[in-house]
Amino acid sequence: MRPAKIATLWTALALVGCGGEKGETLATDTGTSEASSTTASSGASETSTSSADPTGAPTTTATSTSATATSTDPGTTATTDVPDTGDPGVPSCGNPMHFAFGKEPTTLIYVATSGADGPDCGAKDSPCQTVEAAAAKATPGTGIRLLGETFGPDIFVSDLAGTADAPIWIGGEFGQFPTIAGGGEGLHLSRVRHVVIHDLAIMDATANGINVDDGGAVDDPEATRFVAFERLFIHDIGEGGNQDCLKLSGVNDFWVLDSQFERCGAGGSAIDHVGCHRGLVLGNLFADNGGNAVQTKGGSEDIEIRGNTMLDCGQRAVNMGGSTGFEFFRPPLTQDGDNAEARNIRVVSNLIQGGETPLAFVGCVDCLAAHNTIIRPQHWLLRILQETVTDQQFTFAPASNGRFVNNLVVFDRADISTYVNIGGDTAPETFTFTTNLWYAADAPDQSSPAGDLPVPETGAIAGEDPLLIDLTDNFYPTPASPAVGSGTPLPEVAADRNYGCWNDPPSRGAYELIR
């Protein structure tokens, strides 16, 4: 199903528990691992994290494998000893942890199309027929296990709540990928907490593949919180319009890991965020998407998009910001301050190939694009735009204070109109450009975008062959590459695309040279 790709930490850890056959309590230890202990529990009254760690969840660290720490906040990443990869010569940095790390279900409830819903369903030899019936039985620590077959669509589950110590899992057995096919939506979750969606294939839905929301409680940041998505394959979604493979609205403290998204609506996104906060999108493959690979808008904030591969992802591979109806903002818009489509979106260490433009800052404030390897965009190298503007009712901050740092950009000058497209109502003079490498493969003497940049760049390399292994399909730098060791250190960029630690100084682009 999936092309060969470098295994992420998530596959190696096999976070989803295995075993158990009869829908009863399993004889397993469900406590957290010694390296990732958390003690706080969940509930409707759970408060946000302390001011010492305002992000409260899917942040990652750039520490080495020797770092050890624990956290008592289920939303705070615990920096732990990294599991032995078997290759001591390859350091590992930026490995994320989340609330389900090291945990397994205490009870399994099985679901199969041949089953029958009823008060006693759930054992492997007498499964429930629907996910809804299994969810009605689920308590913290339950794994809802879909047996490997094709299930009907439009599955709707609401108010499902695990805890920090005992999440709830929904998915197939590890690596099995049961399929949910057709219908309007594959799976819709509303008002859920501490839930892991894993090992599923979703296809042929006319609206969204998976939809997770806060039930319309746009002013309640606790409505849907702590949700992880792991090892999903969502593809062939929509009917040619604005439909999405993964639609997230009002989701806080979330992870999207090691998944694949293909052909996600001609005008939609593989992952569309509306008013989402504190998220990590890591190690995924996006291919042949019409609108975007990832879009973050509607008040979204503090989302890191790292270590992904984006191939031919439409109009704007990553749309930092966008255009959102006022009623959909989370938190709700205020009349006495600057509102923004998005803030603090970090697009780092990705491979972005093809598409009209790799990156667009669209009403995004304090956003970062760094250490990306960008290969042959078809129209622009970068866009700075504003689609939601101040009116008589609300004031909106312009796209401002963006940073474009340590990126490696290879393009064909014949395909590019203006290097950088800057729209009205923006504040391009507040942007910074630092130590990027620009290379027009068909016309090296026309590599520099300086005439189109809104401000002078510091430390640019333009017109020098980046000396990658292969400019068509292997974008690692060779030791002689001018990208190697010439970047600007960025402590907030945890790792390269493959969890490699950055040298000091780091390389430009998504890949660090292993020394």
Side-chain angles (χ1 to χ4, degrees), residues 1-5 7-8 10-11 14-18 100 108-115 127-132 134-135 143-157 168-189 192 195-212 227-239 243-248 254-265 268-272 281-290 293-294 308-311 313:
M1 177 192 72
R2 304 178 65 178
K5 55 185 293 221
T8 70
W10 304 102
T11 302
L15 297 182
V16 180
C18 299
L108 292 178
I109 299 176
Y110 288 91
V111 182
T113 57
S114 59
C128 299
Q129 186 179 53
T130 66
V131 173
E132 290 92 337
I144 299 172
R145 192 62 53 83
L146 282 68
L147 297 178
E149 52 189 277
T150 299
F151 290 82
D154 299 311
I155 299 168
F156 179 79
V157 175
I168 292 175
W169 290 260
I170 302 175
E173 295 182 332
F174 183 75
Q176 293 294 312
F177 292 96
T179 297
I180 299 172
E185 294 182 319
L187 175 64
H188 189 157
L189 303 179
V192 299
V195 173
V196 181
I197 310 300
H198 65 92
D199 297 284
L200 289 173
I202 313 287
M203 60 183 291
D204 296 335
T206 59
N208 303 305
I210 296 179
N211 189 347
V212 182
V227 186
F229 306 87
E230 299 176 0
R231 299 178 301 278
L232 303 176
F233 181 35
I234 309 179
H235 62 101
D236 297 292
I237 299 299
E239 295 184 314
Q243 294 92 35
D244 309 311
C245 276
L246 178 58
K247 177 77 170 182
L248 304 178
F254 65 94
W255 295 255
V256 184
L257 309 168
D258 197 22
S259 296
Q260 184 168 336
F261 304 87
E262 296 186 4
R263 300 177 295 281
C264 302
S269 304
I271 306 176
D272 185 41
V281 178
L282 172 66
N284 304 285
L285 174 63
F286 302 89
D288 299 318
N289 294 304
V294 183
N308 303 284
T309 297
M310 304 177 188
L311 307 176
C313 286

### Query
Who passes side-chain contact (heavy atoms from CB on, under 4.5 Å) against Glu149, sequence neighbours left out?
Ala112, Thr113, Leu147, Phe151

### Task
Before accepting this row, confirm whether a basic side-chain N of the pair Asp258/Arg231 lies closer than 4.0 Å to the acidic partner's carboxylate O.
no

### Task
May I ask you to test the Asp199-Phe174 pair for a side-chain heavy-atom distance under 4.5 Å?
yes

### Task
Quick one: list whatever passes side-chain hydrogen bond (donor to acceptor under 3.5 Å, both in side chains) with Thr179, sequence neighbours left out.
none

### Task
State, to 0.1 Å, how close Val196 and Ala100 come at their nearest heavy-atom pair, and which atoms those are.
CG2-CB, 3.7 Å

### Summary
Closest non-hydrogen atoms of Thr150 and Ala181, given as atom of the first, atom of the second and distance, are CG2-CB, 4.0 Å

### Query
At their closest point, which heavy atom of Phe177 faces which heavy atom of Phe233, and how far apart are they?
CE2-N, 4.4 Å

#### Entry: Heavy-atom closest pair, residues Thr130 and Val111
C-CG1, 3.7 Å

Show which side-chain atoms of residues 203-210 pair as donor or acceptor with protein atoms under 3.5 Å away, not counting sequence neighbours.
{"from": "Thr206", "atom 1": "OG1", "to": "Gly183", "atom 2": "O", "distance (Å)": "3.3"}
{"from": "Asn208", "atom 1": "OD1", "to": "Asp244", "atom 2": "N", "distance (Å)": "3.1"}
{"from": "Asn208", "atom 1": "ND2", "to": "Glu185", "atom 2": "OE2", "distance (Å)": "3.1"}

### Query
Between CG of Leu187 and CG of Asn211, what distance do you get to the nearest 0.5 Å?
9.0 Å

### Nearest atoms (heavy-atom pairs only) where Ala270 meets Cys245
O-CB, 3.3 Å

### Query
Are any non-hydrogen side-chain atoms of Ile109 and Cys128 less than 4.5 angstrom apart?
yes

#### Entry: Inter-residue atom distance Ile155.CD1 - Ile180.CD1, 0.5 Å rounding
3.5 Å

### Task
Could you tell me which non-hydrogen atom of Gly182 sits nearest to which non-hydrogen atom of Pro153, and how far apart they are?
O-CB, 2.9 Å

### Query
Would you call the rings of Phe261 and Phe286 parallel, tilted or perpendicular if under 30° counts as parallel and over 60° as perpendicular?
parallel

### Task
Mind checking disulfide bond (SG atoms under 2.5 Å apart) for Cys313 and listing every partner two or more places apart, or none if nothing turns up?
none

### Message
For Asn289, give me all partners under side-chain hydrogen bond (donor to acceptor under 3.5 Å, both in side chains), at least two apart in sequence or on another chain.
### Response
none

### Query
Quick one: does Phe254's side chain get under 4.5 Å of Val212's, heavy atoms only?
no

### Query
Would a 4.5 Å heavy-atom cut-off, applied to side chains only, mark Glu262 and Asp236 as touching?
no

### Query
Would you find a donor on one side and an acceptor on the other, under 3.5 Å apart, between the side chain of Glu173 and the backbone of Arg145?
no

### Query
Looking at side-chain heavy atoms only, is the closest gap between Phe229 and Asn284 below 4.5 Å?
no

### Message
Just verifying a value: how many Å separate Ser259 OG and Glu230 CD, rounded to the nearest 0.5 Å?
### Response
8.0 Å

### Task
Report yes if some heavy atom in the side chain of Leu232 is under 4.5 Å from a heavy atom in the side chain of Ile202; otherwise report no.
no

